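Here's the structure we're looking at; comments come further down.
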Amino acid sequence: MEQQTEKKKIVFSAIQPSGTITLGNYLGAVKNWVAMQDEFNCIYALADLHTITVRQEPAQFRKNIIDAYASILACGIDAEKSLFFMQSHVTTHAQLAWLLNCYTQFGELSRMTQFKDKSAKHADNVNAGLFTYPALMAADILLYQADMVPVGADQKQHLELTRNIAERFNGLYGNVFKVPEPYIPKNGARVMSLQDPTKKMSKSDENVNACVTLMDSPETIMKKFKRAVTDSEAKVRYAEGKDGINNLMTIYSAVTGLTFEQIEKDFDGKGYGDFKTAVGEAVVEELRPVRERYDKYIADKSYMQECYRKADEIAQKFSQRTLDKAMKKIGFVK
Ligand code: ATP
Ligand code: LTN
């Protein structure tokens with residue numbers, strides 16, 4: 001691990017166990033996590049500390065954590081190649097988050113669109129954690145001296161803030177943190193709701209038809225795509241004002257690797273029915289092995305426990321060095 005760290009660039013990312021993982025999470029983030037494993041030194045976390053910024057029912061939360069861990073392994077994260085740990089098991093995250101809170105401005109946090117969206121959505125629980133969430137996310141990333149952070153487009157603003165915090169801290173104390181670069185896919189960075197394609201596809205959408213999850217059966221996936229909102233032009237082309245078709249083309253392109261021009265050519269003269277079927281089938285095939293592997297992992301909790309225990313321990317050691325350095329620079333006594 002340490003030797004690899006010297007050679008390969010470090011990749012860090014995380015996902016919240018806040019519900020069933022969606023096609024948006026997969027195409028925007030996790031598919032890239034998988035693709036980056038051979039070339040880079042990859043470190044991934046299940047961001048369970050982040051999840052309690054929205055109230056969780058304990059039994060359901062516990063289940064979601066285990067389900068999400070199994071799902072990410074099922075997507076193709078290989079515990080032999082990458083570190084995949086539980087954020088709450090590694091004590092340095094909450095510790096560095098506290099320090100970084102003191103180097104993050106109220107005004108900066110107030111401008112975060114995720115905070116504005118989530119506080120509108122959960123108006124009865126606008127807690128301090130929801131507000132300071134980006135400082136914890138910055139801690140996650142900066143602890144591992146990450147070079148690159150593969151995320152969907154909605155996280156770009158948090159990444160910018162992370163870079164600002166790192167630069168501010170380094171400006172005061174010298175080079176403590178690596179300033180990370182976002183890694184946002186060209187296609188699939190923002191998968192939209194199938195029912196309202198002006199809104200992002202989200203785990204927590206009340207309309208079940210809006211969102212495809214990794215655990216949906218092939219029949220359910222086909223049904224959701226067939227019901228997807230489109231327009232009345234009946235021509236498969238990428239253009240302004242065609243949000244529904246643009247979204248389906250984005251999904252199809254992210255899954256098959258075809259360009260928009262190729263897709264337009266292939267579906268020239270065909271109706272939306274044919275196109276929706278093709279998109280549905282491509283997604284079914286992409287997710288089929290994921291579901292099969294999920295069944296295997298979820299039935300073997302002791303294997304998963306072995307994976308995260310090993311990863312937790314390595315993450316703790318690795319991140320402790322950065323935390324110690326930051327604390328020493330600030331002036332804490334050892
Ligand atoms: P919630 O709905 O609970 O806010 P979420 O799905 O938006 O959750 P995370 O689970 O934390 O948020 O996201 C994990 C990763 O998936 C992040 O990198 C995020 O950018 C990406 N992501 C989330 N939604 C989409 C989407 N609709 N399209 C592309 N990427 C997405
Ligand atoms: N904030 C992210 C999840 C997340 C994350 C991270 C992503 C928590 N820590 C560190 C990248 C790097 C989200 O809500 N989508």
Side-chain angles (χ1 to χ4, degrees), residues 10-33 42-56 61 64-65 67-68 71-72 75 85-88 90 93-94 96-97 100 112-115 117-122 129-130 132-144 146-163 165-166 180-206 210-214 247 250-251 254 315 319:
I10 299 176
V11 167
F12 182 92
S13 198
I15 187 165
Q16 296 188 61
S18 51
T20 313
I21 294 177
T22 69
L23 184 63
N25 299 137
Y26 178 77
L27 295 178
V30 185
K31 195 170 155 71
N32 277 325
W33 299 9
C42 294
I43 307 172
Y44 302 122
L46 207 58
D48 51 358
L49 292 174
H50 278 89
T51 309
I52 64 162
T53 52
V54 172
R55 192 76 70 233
Q56 305 291 317
F61 185 38
N64 285 348
I65 292 172
D67 277 358
S71 301
I72 297 295
C75 287
F85 68 93
M86 297 277 195
Q87 184 190 32
S88 64
V90 180
H93 290 252
L96 184 63
L100 296 185
M112 294 296 116
T113 55
Q114 183 177 298
F115 171 69
D117 292 349
K118 289 213 171 173
S119 49
K121 204 165 155 195
H122 304 281
L130 193 63
T132 62
Y133 175 120
L136 177 59
M137 177 162 163
D140 296 342
I141 298 166
L142 300 179
L143 278 170
Y144 300 92
D147 296 282
M148 272 182 294
V149 185
V151 282
D154 63 324
Q155 294 302 312
K156 196 163 174 236
Q157 197 186 28
H158 288 160
L159 253 298
E160 285 300 321
L161 179 56
T162 300
R163 289 169 57 86
I165 296 170
E181 297 286 340
Y183 183 96
I184 297 172
K186 270 200 219 84
N187 236 334
R190 200 169 160 76
V191 175
M192 309 307 277
S193 154
L194 297 183
Q195 290 298 312
D196 177 359
T198 60
K199 265 180 26 194
K200 99 168 183 161
M201 182 180 282
S202 164
K203 281 191 202 107
S204 37
D205 205 309
E206 278 112 48
C211 146
V212 170
T213 81
L214 300 190
N247 189 37
T250 301
I251 293 171
S319 58

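Hydrogens, waters and symmetry mates are skipped; everything else that's a heavy atom, side chains included, is used. For clarity, every value in this text was computed on a predicted model and none was experimentally measured. Order of listing sets the numbers, starting from 1, for every ligand and every atom in it.
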For this session: Verify side chain to side chain donor-acceptor pair (under 3.5 Å) between Gln16 and Asp48, making sure each step is shown before the conclusion.
Result: CA-CA 6 Å; Gln16 296 188 61; Asp48 51 358; over 6 Å; no
Problem set entry | Set of residues that line ligand 2, where lining means a heavy atom lies under 4.0 Å from it |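 Shell around ligand 2 (4.0 Å, heavy atoms): Phe12, Ser13, Ala14, Gln16, Ala47, His50, Gln114, Tyr133, Met137, Asp140, Ile141, Val149, Val151, Gln155.
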For this session: Could you pull out every protein residue that has a heavy atom closer than 4.0 Å to ligand 1, ordered by chain and then number?
Result: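 Ile15, Gln16, Ser18, Gly24, Asn25, Gly28, Ala29, Lys118, Val151, Gly152, Asp154, Gln155, Gly188, Ala189, Arg190, Val191, Lys200, Met201, Ser202, Lys203, Ser204.
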Exercise. Between Tyr133 and His50, what is the ring plane arrangement, given parallel below 30°, perpendicular above 60°, and tilted in between?
Worked result: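 Plane angle over 60°, so perpendicular.
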For this session: Please confirm whether Tyr144 and His93 have ring centers closer than 6.0 angstrom.
Result: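 When the ring centroids of Tyr144 and His93 are compared, they turn out to be within the sub-6.0 Å range.
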Between the side chains of [X] and [Y], does any donor sit under 3.5 Å from an acceptor?
{"X": "Gln114", "Y": "Asp154", "result": "no"}
{"X": "Ser18", "Y": "Lys203", "result": "yes"}
{"X": "Asn25", "Y": "Thr22", "result": "yes"}
{"X": "Thr51", "Y": "Gln56", "result": "no"}

For this session: Go through the steps for Phe61 and Arg55 under the test side chain to side chain contact (heavy atoms under 4.5 Å, CB included), then give the verdict.
Result: CA-CA 10 Å; Phe61 185 38; Arg55 192 76 70 233; over 6 Å; no
Exercise. Would you say Tyr44's side chain and Phe12's backbone share a donor-acceptor pair under 3.5 angstrom?
Worked result: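 Judged by distance alone, no pair lies under 3.5 Å.
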